[in-house]
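None of these values were measured; they are calculated from a predicted model. We number each residue from 1, following the sequence as shown. Side-chain atoms are counted along with the backbone in the values below, which use heavy atoms only and exclude waters and symmetry mates.
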Amino acid sequence: MATLSLGIIMNGVTGRMGTNQHLVRSIVAIRQAGGVPLANGDVVMPDPILVGRNEQKVRALADMYGISRWSTDLDACLANPADVIYFDAQTTQRRAESVRAAIAAGKHVYCEKPSAATLDDALDLARRAKAAGIRHGVVQDKLFLPGLRKLKRLIESGFFGRILSVRGEFGYWVFEGDWQSGQRPSWNYRKEEGGGIIVDMLCHWRYVLDNLFAPVRAVMCLGAIHVPERVDEQGRRYVVTADDSAYATFELEGGVIAQINSSWCVRVYRDDLFVLQVDGTHGSAVAGLRECRVQPRVTTPRPLWNPDLPNPIDFRAGWQAVPDNETFDNAFRVQWELFLKHVAGEGSFRWNLLEGAKGVQLAELGLRSWHERRWIDVPPLEV
(Lines give C-alpha, C1' and ligand atoms only; values in the text may rest on other atoms or scores of the structure.)
Protein backbone atom coordinates (compact mmCIF):
# COMPACT_ATOMS: atom_id res chain seq x y z
CA MET A 1 0.00 0.00 0.00
CA ALA A 2 1.30 3.43 -1.00
CA THR A 3 0.25 6.85 0.29
CA LEU A 4 -0.30 9.50 -2.37
CA SER A 5 0.07 13.01 -0.95
CA LEU A 6 -2.01 15.65 -2.74
CA GLY A 7 -1.12 19.26 -2.02
CA ILE A 8 -4.23 21.46 -1.85
CA ILE A 9 -4.25 25.26 -1.94
CA MET A 10 -7.28 26.19 0.18
CA ASN A 11 -8.18 29.83 -0.48
CA GLY A 12 -10.86 31.60 1.56
CA VAL A 13 -11.23 29.03 4.33
CA THR A 14 -11.32 31.65 7.10
CA GLY A 15 -15.00 32.22 6.26
CA ARG A 16 -17.85 30.33 7.91
CA MET A 17 -18.40 27.69 5.23
CA GLY A 18 -14.71 27.36 4.39
CA THR A 19 -13.74 26.72 7.99
CA ASN A 20 -16.60 24.53 9.19
CA GLN A 21 -17.53 22.42 6.19
CA HIS A 22 -14.45 22.30 4.00
CA LEU A 23 -11.55 22.49 6.42
CA VAL A 24 -12.78 20.99 9.70
CA ARG A 25 -15.47 18.52 8.60
CA SER A 26 -13.82 17.53 5.33
CA ILE A 27 -10.04 17.89 4.96
CA VAL A 28 -9.11 17.73 8.66
CA ALA A 29 -11.54 14.84 9.17
CA ILE A 30 -10.10 12.98 6.18
CA ARG A 31 -6.55 13.45 7.51
CA GLN A 32 -7.57 12.25 10.97
CA ALA A 33 -9.15 9.16 9.41
CA GLY A 34 -5.88 8.29 7.64
CA GLY A 35 -6.75 9.55 4.18
CA VAL A 36 -9.04 8.35 1.38
CA PRO A 37 -8.60 4.69 0.38
CA LEU A 38 -8.44 3.80 -3.31
CA ALA A 39 -9.63 0.59 -4.92
CA ASN A 40 -6.04 -0.59 -5.53
CA GLY A 41 -5.20 -0.37 -1.81
CA ASP A 42 -3.37 2.96 -2.00
CA VAL A 43 -4.40 5.93 0.13
CA VAL A 44 -4.82 9.59 -0.85
CA MET A 45 -3.67 11.97 1.88
CA PRO A 46 -4.60 15.66 1.44
CA ASP A 47 -1.81 18.10 2.36
CA PRO A 48 -3.43 21.54 2.64
CA ILE A 49 -1.90 24.99 2.62
CA LEU A 50 -4.31 27.61 3.94
CA VAL A 51 -4.42 30.90 2.02
CA GLY A 52 -6.07 34.15 3.04
CA ARG A 53 -5.70 37.91 2.92
CA ASN A 54 -5.59 38.35 6.70
CA GLU A 55 -2.35 36.91 8.08
CA GLN A 56 -3.58 36.85 11.67
CA LYS A 57 -6.74 34.91 10.78
CA VAL A 58 -5.12 32.37 8.50
CA ARG A 59 -2.22 31.72 10.88
CA ALA A 60 -4.61 31.24 13.83
CA LEU A 61 -6.77 28.84 11.80
CA ALA A 62 -3.76 26.79 10.77
CA ASP A 63 -2.51 26.60 14.37
CA MET A 64 -5.95 25.63 15.67
CA TYR A 65 -6.24 22.59 13.40
CA GLY A 66 -2.62 21.51 13.22
CA ILE A 67 -2.02 22.63 9.63
CA SER A 68 1.68 23.34 9.17
CA ARG A 69 1.41 25.39 5.98
CA TRP A 70 -0.28 28.74 5.45
CA SER A 71 0.27 31.81 3.26
CA THR A 72 -1.07 35.20 2.23
CA ASP A 73 0.62 34.97 -1.20
CA LEU A 74 -1.64 33.13 -3.64
CA ASP A 75 0.72 33.63 -6.59
CA ALA A 76 3.54 31.92 -4.72
CA CYS A 77 1.27 29.02 -3.82
CA LEU A 78 0.16 28.60 -7.43
CA ALA A 79 3.81 28.49 -8.48
CA ASN A 80 4.52 25.48 -6.24
CA PRO A 81 4.30 22.29 -8.35
CA ALA A 82 3.79 20.16 -5.23
CA ASP A 83 0.34 21.66 -4.72
CA VAL A 84 -1.77 20.16 -7.49
CA ILE A 85 -5.30 21.22 -6.43
CA TYR A 86 -6.69 24.72 -6.01
CA PHE A 87 -9.81 25.10 -3.85
CA ASP A 88 -11.77 28.38 -3.65
CA ALA A 89 -14.22 29.34 -0.91
CA GLN A 90 -13.84 33.11 -1.25
CA THR A 91 -16.79 35.44 -1.72
CA THR A 92 -18.33 34.94 -5.15
CA GLN A 93 -17.03 38.15 -6.72
CA ARG A 94 -13.40 37.15 -6.05
CA ARG A 95 -13.69 33.61 -7.36
CA ALA A 96 -13.38 33.85 -11.15
CA GLU A 97 -10.08 35.74 -11.16
CA SER A 98 -8.42 33.29 -8.77
CA VAL A 99 -9.77 30.19 -10.53
CA ARG A 100 -8.50 31.54 -13.88
CA ALA A 101 -5.05 31.96 -12.35
CA ALA A 102 -5.18 28.42 -10.96
CA ILE A 103 -6.19 26.97 -14.33
CA ALA A 104 -3.37 28.91 -16.01
CA ALA A 105 -0.98 27.41 -13.46
CA GLY A 106 -2.14 23.91 -14.39
CA LYS A 107 -3.91 23.17 -11.10
CA HIS A 108 -6.93 20.94 -10.78
CA VAL A 109 -9.79 23.10 -9.52
CA TYR A 110 -12.51 22.55 -6.94
CA CYS A 111 -14.63 25.49 -5.81
CA GLU A 112 -17.68 26.56 -3.89
CA LYS A 113 -20.84 27.61 -5.65
CA PRO A 114 -21.72 29.87 -7.37
CA SER A 115 -18.66 29.19 -9.52
CA ALA A 116 -18.70 32.84 -10.68
CA ALA A 117 -20.70 36.03 -10.30
CA THR A 118 -21.96 35.94 -13.92
CA LEU A 119 -22.82 33.26 -16.44
CA ASP A 120 -20.24 34.64 -18.87
CA ASP A 121 -17.51 34.17 -16.28
CA ALA A 122 -18.80 30.74 -15.25
CA LEU A 123 -18.75 29.50 -18.85
CA ASP A 124 -15.33 31.06 -19.40
CA LEU A 125 -13.97 29.06 -16.46
CA ALA A 126 -15.51 25.84 -17.80
CA ARG A 127 -14.01 26.46 -21.26
CA ARG A 128 -10.58 27.27 -19.87
CA ALA A 129 -10.61 24.14 -17.71
CA LYS A 130 -11.61 21.98 -20.68
CA ALA A 131 -8.88 23.49 -22.87
CA ALA A 132 -6.27 23.03 -20.13
CA GLY A 133 -7.20 19.38 -19.60
CA ILE A 134 -7.40 19.75 -15.84
CA ARG A 135 -9.85 18.01 -13.52
CA HIS A 136 -12.45 20.30 -12.04
CA GLY A 137 -15.48 20.32 -9.80
CA VAL A 138 -18.02 22.52 -8.05
CA VAL A 139 -19.51 21.92 -4.61
CA GLN A 140 -23.03 20.49 -4.93
CA ASP A 141 -23.37 19.34 -1.34
CA LYS A 142 -27.12 18.86 -1.07
CA LEU A 143 -26.98 15.87 -3.39
CA PHE A 144 -25.04 14.06 -0.65
CA LEU A 145 -27.36 14.87 2.25
CA PRO A 146 -28.81 11.70 3.84
CA GLY A 147 -32.40 12.84 3.28
CA LEU A 148 -31.89 13.47 -0.43
CA ARG A 149 -29.88 10.28 -0.87
CA LYS A 150 -32.83 8.34 0.54
CA LEU A 151 -35.10 10.26 -1.81
CA LYS A 152 -32.86 9.32 -4.74
CA ARG A 153 -33.11 5.70 -3.66
CA LEU A 154 -36.91 5.93 -3.79
CA ILE A 155 -36.85 7.49 -7.26
CA GLU A 156 -34.52 4.82 -8.63
CA SER A 157 -36.73 2.05 -7.19
CA GLY A 158 -39.81 3.36 -9.02
CA PHE A 159 -41.62 4.05 -5.74
CA PHE A 160 -43.40 7.18 -7.00
CA GLY A 161 -44.78 5.83 -10.26
CA ARG A 162 -45.06 8.95 -12.41
CA ILE A 163 -43.75 11.97 -10.53
CA LEU A 164 -46.22 14.85 -10.67
CA SER A 165 -44.80 17.67 -8.58
CA VAL A 166 -42.06 18.77 -6.21
CA ARG A 167 -42.56 21.32 -3.42
CA GLY A 168 -39.74 22.68 -1.30
CA GLU A 169 -39.43 25.03 1.67
CA PHE A 170 -36.03 26.32 2.68
CA GLY A 171 -34.99 28.92 5.21
CA TYR A 172 -35.07 30.27 8.70
CA TRP A 173 -35.13 33.58 10.55
CA VAL A 174 -31.80 35.41 10.29
CA PHE A 175 -31.64 37.96 13.08
CA GLU A 176 -31.41 41.58 11.98
CA GLY A 177 -28.26 42.25 14.04
CA ASP A 178 -29.69 44.80 16.45
CA TRP A 179 -30.63 42.79 19.55
CA GLN A 180 -29.10 39.51 18.35
CA SER A 181 -26.25 39.10 15.87
CA GLY A 182 -27.15 37.75 12.45
CA GLN A 183 -26.27 34.18 11.50
CA ARG A 184 -25.13 35.21 8.03
CA PRO A 185 -22.48 37.76 6.95
CA SER A 186 -23.82 41.20 6.08
CA TRP A 187 -22.49 41.01 2.51
CA ASN A 188 -25.26 38.46 1.83
CA TYR A 189 -27.70 41.40 1.94
CA ARG A 190 -25.79 43.73 -0.39
CA LYS A 191 -26.39 43.28 -4.10
CA GLU A 192 -23.24 45.24 -4.92
CA GLU A 193 -21.16 42.64 -3.03
CA GLY A 194 -22.74 39.61 -4.72
CA GLY A 195 -25.43 39.01 -2.11
CA GLY A 196 -29.03 37.88 -2.47
CA ILE A 197 -30.87 34.63 -1.84
CA ILE A 198 -31.69 34.10 -5.54
CA VAL A 199 -27.98 34.06 -6.40
CA ASP A 200 -27.25 31.92 -3.35
CA MET A 201 -30.01 29.31 -3.53
CA LEU A 202 -31.14 28.89 -7.16
CA CYS A 203 -27.71 27.37 -7.86
CA HIS A 204 -28.60 24.67 -5.33
CA TRP A 205 -32.08 24.10 -6.70
CA ARG A 206 -30.69 23.72 -10.23
CA TYR A 207 -28.47 20.76 -9.40
CA VAL A 208 -31.02 19.21 -7.03
CA LEU A 209 -33.78 19.30 -9.65
CA ASP A 210 -31.51 18.32 -12.57
CA ASN A 211 -29.94 15.36 -10.76
CA LEU A 212 -32.92 13.98 -8.85
CA PHE A 213 -35.80 14.59 -11.24
CA ALA A 214 -35.27 16.10 -14.70
CA PRO A 215 -33.51 19.08 -16.32
CA VAL A 216 -34.99 22.50 -15.59
CA ARG A 217 -36.54 23.95 -18.76
CA ALA A 218 -38.24 27.16 -17.52
CA VAL A 219 -38.37 29.34 -14.42
CA MET A 220 -40.68 31.92 -12.91
CA CYS A 221 -39.29 33.67 -9.85
CA LEU A 222 -40.39 36.47 -7.54
CA GLY A 223 -37.85 38.00 -5.20
CA ALA A 224 -38.44 40.27 -2.22
CA ILE A 225 -36.63 42.39 0.34
CA HIS A 226 -38.77 41.75 3.39
CA VAL A 227 -36.39 43.27 5.97
CA PRO A 228 -35.13 46.57 4.45
CA GLU A 229 -32.57 47.47 7.14
CA ARG A 230 -30.07 45.42 9.13
CA VAL A 231 -27.07 45.90 11.42
CA ASP A 232 -23.62 44.72 10.29
CA GLU A 233 -20.77 43.06 12.18
CA GLN A 234 -19.48 46.45 13.40
CA GLY A 235 -22.88 47.48 14.78
CA ARG A 236 -23.65 49.88 11.93
CA ARG A 237 -27.08 50.05 10.34
CA TYR A 238 -27.23 49.54 6.60
CA VAL A 239 -29.85 49.43 3.86
CA VAL A 240 -30.52 45.96 2.42
CA THR A 241 -30.09 46.04 -1.37
CA ALA A 242 -30.30 42.30 -2.15
CA ASP A 243 -33.31 39.97 -2.04
CA ASP A 244 -33.76 38.07 1.23
CA SER A 245 -36.59 35.84 -0.04
CA ALA A 246 -37.40 34.08 -3.31
CA TYR A 247 -40.54 32.29 -4.48
CA ALA A 248 -39.77 30.21 -7.57
CA THR A 249 -41.62 27.78 -9.83
CA PHE A 250 -39.75 25.53 -12.25
CA GLU A 251 -40.98 23.50 -15.22
CA LEU A 252 -38.90 20.37 -15.67
CA GLU A 253 -38.39 18.26 -18.74
CA GLY A 254 -41.28 15.81 -19.01
CA GLY A 255 -43.79 18.08 -17.34
CA VAL A 256 -42.91 17.82 -13.64
CA ILE A 257 -43.66 21.09 -11.81
CA ALA A 258 -41.43 22.17 -8.92
CA GLN A 259 -42.07 25.03 -6.50
CA ILE A 260 -39.41 26.05 -3.97
CA ASN A 261 -39.58 28.93 -1.51
CA SER A 262 -36.30 30.24 -0.09
CA SER A 263 -36.22 32.78 2.71
CA TRP A 264 -34.02 34.24 5.44
CA CYS A 265 -37.18 35.86 6.86
CA VAL A 266 -39.26 32.85 7.85
CA ARG A 267 -39.73 31.18 11.24
CA VAL A 268 -39.53 27.42 11.01
CA TYR A 269 -42.67 25.34 11.55
CA ARG A 270 -41.61 22.17 9.73
CA ASP A 271 -39.39 19.22 10.49
CA ASP A 272 -36.17 20.73 9.11
CA LEU A 273 -34.59 23.86 7.65
CA PHE A 274 -35.10 22.35 4.19
CA VAL A 275 -38.03 20.10 3.38
CA LEU A 276 -38.81 18.70 -0.06
CA GLN A 277 -42.12 16.94 -0.83
CA VAL A 278 -42.46 14.76 -3.91
CA ASP A 279 -45.87 13.54 -5.07
CA GLY A 280 -46.36 10.77 -7.59
CA THR A 281 -49.15 8.55 -8.87
CA HIS A 282 -48.05 5.62 -6.65
CA GLY A 283 -46.80 7.43 -3.57
CA SER A 284 -45.36 10.53 -1.93
CA ALA A 285 -42.26 11.35 0.12
CA VAL A 286 -41.08 14.18 2.32
CA ALA A 287 -37.32 14.55 2.69
CA GLY A 288 -35.37 16.78 5.04
CA LEU A 289 -31.64 17.12 5.55
CA ARG A 290 -31.34 13.71 7.21
CA GLU A 291 -34.75 12.03 7.32
CA CYS A 292 -37.20 10.90 4.64
CA ARG A 293 -40.77 9.66 5.10
CA VAL A 294 -43.11 8.02 2.63
CA GLN A 295 -46.79 7.36 2.09
CA PRO A 296 -47.61 4.84 -0.65
CA ARG A 297 -50.88 4.83 -2.56
CA VAL A 298 -52.32 1.87 -0.64
CA THR A 299 -51.99 3.61 2.75
CA THR A 300 -53.15 7.06 1.64
CA PRO A 301 -56.16 8.18 3.74
CA ARG A 302 -59.39 9.44 2.25
CA PRO A 303 -59.90 13.01 3.52
CA LEU A 304 -63.14 14.91 3.06
CA TRP A 305 -63.50 18.69 3.14
CA ASN A 306 -65.71 19.75 6.02
CA PRO A 307 -64.49 22.84 7.92
CA ASP A 308 -67.43 22.62 10.31
CA LEU A 309 -66.09 19.50 12.08
CA PRO A 310 -62.71 18.60 13.59
CA ASN A 311 -60.67 16.57 11.14
CA PRO A 312 -60.60 12.91 12.28
CA ILE A 313 -57.37 12.06 10.43
CA ASP A 314 -53.90 12.37 11.96
CA PHE A 315 -52.18 13.05 8.66
CA ARG A 316 -48.62 12.69 9.99
CA ALA A 317 -49.33 9.30 11.50
CA GLY A 318 -49.75 7.71 8.09
CA TRP A 319 -46.15 8.23 7.00
CA GLN A 320 -43.29 5.73 7.39
CA ALA A 321 -39.60 6.52 7.87
CA VAL A 322 -37.19 5.37 5.17
CA PRO A 323 -34.40 3.46 6.97
CA ASP A 324 -30.78 4.57 6.71
CA ASN A 325 -29.51 1.15 5.52
CA GLU A 326 -26.00 2.66 5.40
CA THR A 327 -23.78 5.08 7.29
CA PHE A 328 -24.03 8.64 6.01
CA ASP A 329 -21.02 10.93 6.34
CA ASN A 330 -20.89 14.73 6.11
CA ALA A 331 -22.14 15.76 2.65
CA PHE A 332 -19.22 18.08 1.96
CA ARG A 333 -16.71 15.43 2.98
CA VAL A 334 -18.34 12.81 0.74
CA GLN A 335 -17.96 15.04 -2.31
CA TRP A 336 -14.42 16.01 -1.34
CA GLU A 337 -13.47 12.33 -1.18
CA LEU A 338 -14.95 11.70 -4.62
CA PHE A 339 -12.99 14.64 -6.05
CA LEU A 340 -9.72 13.53 -4.44
CA LYS A 341 -10.22 10.05 -5.89
CA HIS A 342 -10.94 11.60 -9.28
CA VAL A 343 -7.70 13.60 -9.20
CA ALA A 344 -5.85 10.44 -8.17
CA GLY A 345 -7.23 8.70 -11.27
CA GLU A 346 -10.12 6.75 -9.77
CA GLY A 347 -13.68 7.41 -10.88
CA SER A 348 -15.39 10.17 -12.82
CA PHE A 349 -16.70 13.43 -11.35
CA ARG A 350 -19.73 14.82 -13.13
CA TRP A 351 -20.27 17.86 -10.86
CA ASN A 352 -17.87 20.00 -12.86
CA LEU A 353 -17.55 23.66 -13.84
CA LEU A 354 -20.16 23.27 -16.59
CA GLU A 355 -22.64 21.98 -13.98
CA GLY A 356 -21.67 24.95 -11.84
CA ALA A 357 -22.37 27.29 -14.75
CA LYS A 358 -25.89 25.85 -15.01
CA GLY A 359 -26.54 27.02 -11.47
CA VAL A 360 -25.30 30.52 -12.25
CA GLN A 361 -27.49 30.51 -15.37
CA LEU A 362 -30.62 29.67 -13.38
CA ALA A 363 -29.86 32.38 -10.81
CA GLU A 364 -29.46 34.98 -13.58
CA LEU A 365 -32.69 33.87 -15.24
CA GLY A 366 -34.46 33.91 -11.87
CA LEU A 367 -33.42 37.54 -11.35
CA ARG A 368 -34.51 38.36 -14.89
CA SER A 369 -37.88 36.66 -14.35
CA TRP A 370 -38.42 38.71 -11.21
CA HIS A 371 -37.64 42.02 -12.88
CA GLU A 372 -39.56 41.23 -16.07
CA ARG A 373 -42.40 39.53 -14.14
CA ARG A 374 -42.69 36.55 -16.52
CA TRP A 375 -41.68 32.94 -17.28
CA ILE A 376 -38.17 32.55 -18.74
CA ASP A 377 -37.01 29.50 -20.75
CA VAL A 378 -33.74 27.87 -19.70
CA PRO A 379 -31.63 27.11 -22.80
CA PRO A 380 -29.04 24.30 -22.82
CA LEU A 381 -25.40 25.17 -22.13
CA GLU A 382 -22.31 23.86 -23.89
CA VAL A 383 -18.57 24.48 -23.70
Side-chain angles (χ1 to χ4, degrees), residues 1-52 57-71 77 82-90 107-113 135-150 152 183 204 207 272-274 288-291 324-351 356:
M1 181 183 77
T3 298
L4 173 63
S5 178
L6 286 182
I8 305 174
I9 302 164
M10 300 190 74
N11 192 9
V13 289
T14 56
R16 175 179 58 92
M17 289 288 290
T19 296
N20 295 332
Q21 298 292 5
H22 293 290
L23 180 61
V24 179
R25 295 168 190 163
S26 296
I27 297 303
V28 170
I30 290 169
R31 286 169 59 82
Q32 291 173 342
V36 180
L38 299 176
N40 63 4
D42 293 344
V43 172
V44 176
M45 178 62 72
D47 177 21
I49 178 169
L50 308 188
V51 182
K57 286 183 178 181
V58 73
R59 184 204 297 264
L61 189 64
D63 290 344
M64 183 179 296
Y65 294 104
I67 306 298
S68 61
R69 300 192 300 146
W70 60 271
S71 176
C77 294
D83 291 314
V84 299
I85 296 174
Y86 172 76
F87 170 70
D88 194 297
Q90 299 181 96
K107 307 299 183 186
H108 304 297
V109 169
Y110 188 49
C111 70
E112 257 292 350
K113 63 96 212 115
R135 301 189 178 193
H136 49 97
V138 175
V139 175
Q140 301 197 338
D141 57 287
K142 287 178 175 49
L143 293 176
F144 304 94
L145 290 169
L148 294 196
R149 289 173 68 182
K150 294 174 187 177
K152 180 70 169 175
Q183 306 96 299
H204 285 298
Y207 69 73
D272 219 327
L273 299 185
F274 174 49
L289 304 183
R290 298 198 61 84
E291 304 301 324
D324 287 354
N325 286 351
E326 60 181 295
T327 300
F328 296 107
D329 213 332
N330 176 275
F332 290 85
R333 176 177 172 177
V334 171
Q335 196 177 8
W336 259 110
E337 290 182 346
L338 291 171
F339 186 71
L340 293 175
K341 288 180 179 180
H342 179 56
V343 171
E346 180 179 302
S348 59
F349 194 87
R350 68 177 184 272
W351 311 281

Please tell me if the side chains of N20 and R25 come closer than 4.5 Å, counting only heavy atoms from C-beta onward.
yes

Rounded to the nearest 0.5 Å, what separates atom NZ in K142 from atom CZ in R149?
15.0 Å

Salt bridge (charged side-chain N to carboxylate O under 4.0 Å, His left out) between K150 and D324: does it pass, once the steps are laid out?
CA-CA 8 Å; K150 294 174 187 177; D324 287 354; 2.6 Å; yes

Using a 4.5 Å cut-off on heavy atoms from C-beta on, say whether the side chain of D83 contacts that of I49.
yes

List the steps and the verdict of side-chain contact (heavy atoms from CB on, under 4.5 Å) for I27 and I8.
CA-CA 10 Å; I27 297 303; I8 305 174; 4.1 Å; yes

Side chains of P46 and L6: does their closest heavy-atom pair fall under 4.5 Å?
no

Donor-acceptor pair, D42 side chain versus A2 backbone, under 3.5 Å?
yes

For residues D141 and Q335, is any side-chain donor paired with an opposing acceptor at under 3.5 Å?
no

Measure across M45 and T3 and return the closest heavy-atom pair with its distance rounded to 0.1 Å.
CB-CG2, 3.8 Å

From E346 atom CD to L38 atom CG, the distance as rounded to the nearest 0.5 Å
5.0 Å

Pair L61, T19 - check side-chain contact (heavy atoms from CB on, under 4.5 Å), show working.
CA-CA 8 Å; L61 189 64; T19 296; 3.8 Å; yes

Heavy-atom side-chain contact between V36 and K341 under 4.5 Å:
yes

Hey, what do you get for CD (Q21) to CH2 (W336), rounding to the nearest 0.5 Å?
13.0 Å

For L23 and M10: C-alpha separation, side-chain torsions, deciding distance, then whether side-chain contact (heavy atoms from CB on, under 4.5 Å) applies.
CA-CA 8 Å; L23 180 61; M10 300 190 74; 4.3 Å; yes

Evaluate H22 against F87 for ring pair (Phe, Tyr, Trp, His ring centres under 6.0 Å), listing each step before the verdict.
CA-CA 10 Å; H22 293 290; F87 170 70; 4.6 Å; yes

Any chance you could lay out the salt bridge (charged side-chain N to carboxylate O under 4.0 Å, His left out) test for R290 and D272, step after step, and finish with the verdict?
CA-CA 9 Å; R290 298 198 61 84; D272 219 327; over 6 Å; no

Taking all heavy atoms of R31 and all of P48, pick out the closest pair and write down the distance.
NH1-CD, 3.8 Å

How many angstroms lie between NE2 in H204 and CZ in F274, if you round to the nearest 0.5 Å?
10.0 Å

Do other residues, nucleotides or ligands put more than 12 heavy atoms under 6.0 Å from K152 NZ?
yes

Run the side-chain contact (heavy atoms from CB on, under 4.5 Å) test on V51 and W70 for me, step by step, so that the C-alpha distance in whole Å, both residues' side-chain angles and the decisive distance to 0.1 Å come before the verdict.
CA-CA 6 Å; V51 182; W70 60 271; over 6 Å; no

Can you tell if the side chain of N11 reaches within under 4.5 Å of the side chain of Q90, non-hydrogen atoms only?
yes

What one should report as the nearest heavy-atom pair of V43 and G35 is CG1-CA, 3.7 Å

Plane angle bin for H342 and F339 - parallel if under 30°, tilted between 30 and 60°, otherwise perpendicular
tilted

Determine, step by step, whether F144 and W351 satisfy the ring pair (Phe, Tyr, Trp, His ring centres under 6.0 Å) criterion, reporting the C-alpha distance in whole Å, the side-chain angles of both residues, the deciding distance to 0.1 Å, and the verdict.
CA-CA 12 Å; F144 304 94; W351 311 281; 5.2 Å; yes

Taking the side chain as every heavy atom from C-beta outward, state whether L340 and Y110 have any pair of such atoms under 4.5 Å apart.
no

All heavy atoms of V139 vs all of K113, minimum pair found to be O-CG, 3.7 Å

Using the rule given for salt bridge (charged side-chain N to carboxylate O under 4.0 Å, His left out), can you reason through E337 versus R333, listing the C-alpha separation, both sets of side-chain angles and the distance that settles it, and then say yes or no?
CA-CA 6 Å; E337 290 182 346; R333 176 177 172 177; 3.0 Å; yes

Could you tell me whether the side chain of P146 reaches within less than 4.5 Å of the side chain of E326, counting heavy atoms only?
no

I need the L338 CG to R350 CZ distance, nearest 0.5 Å.
9.5 Å

Are the side chains of F349 and H136 in contact, using a 4.5 Å heavy-atom criterion?
no

Distance in Å, S71 OG paired with L50 CG, rounded so as to fall on 0.5 Å steps:
10.0 Å

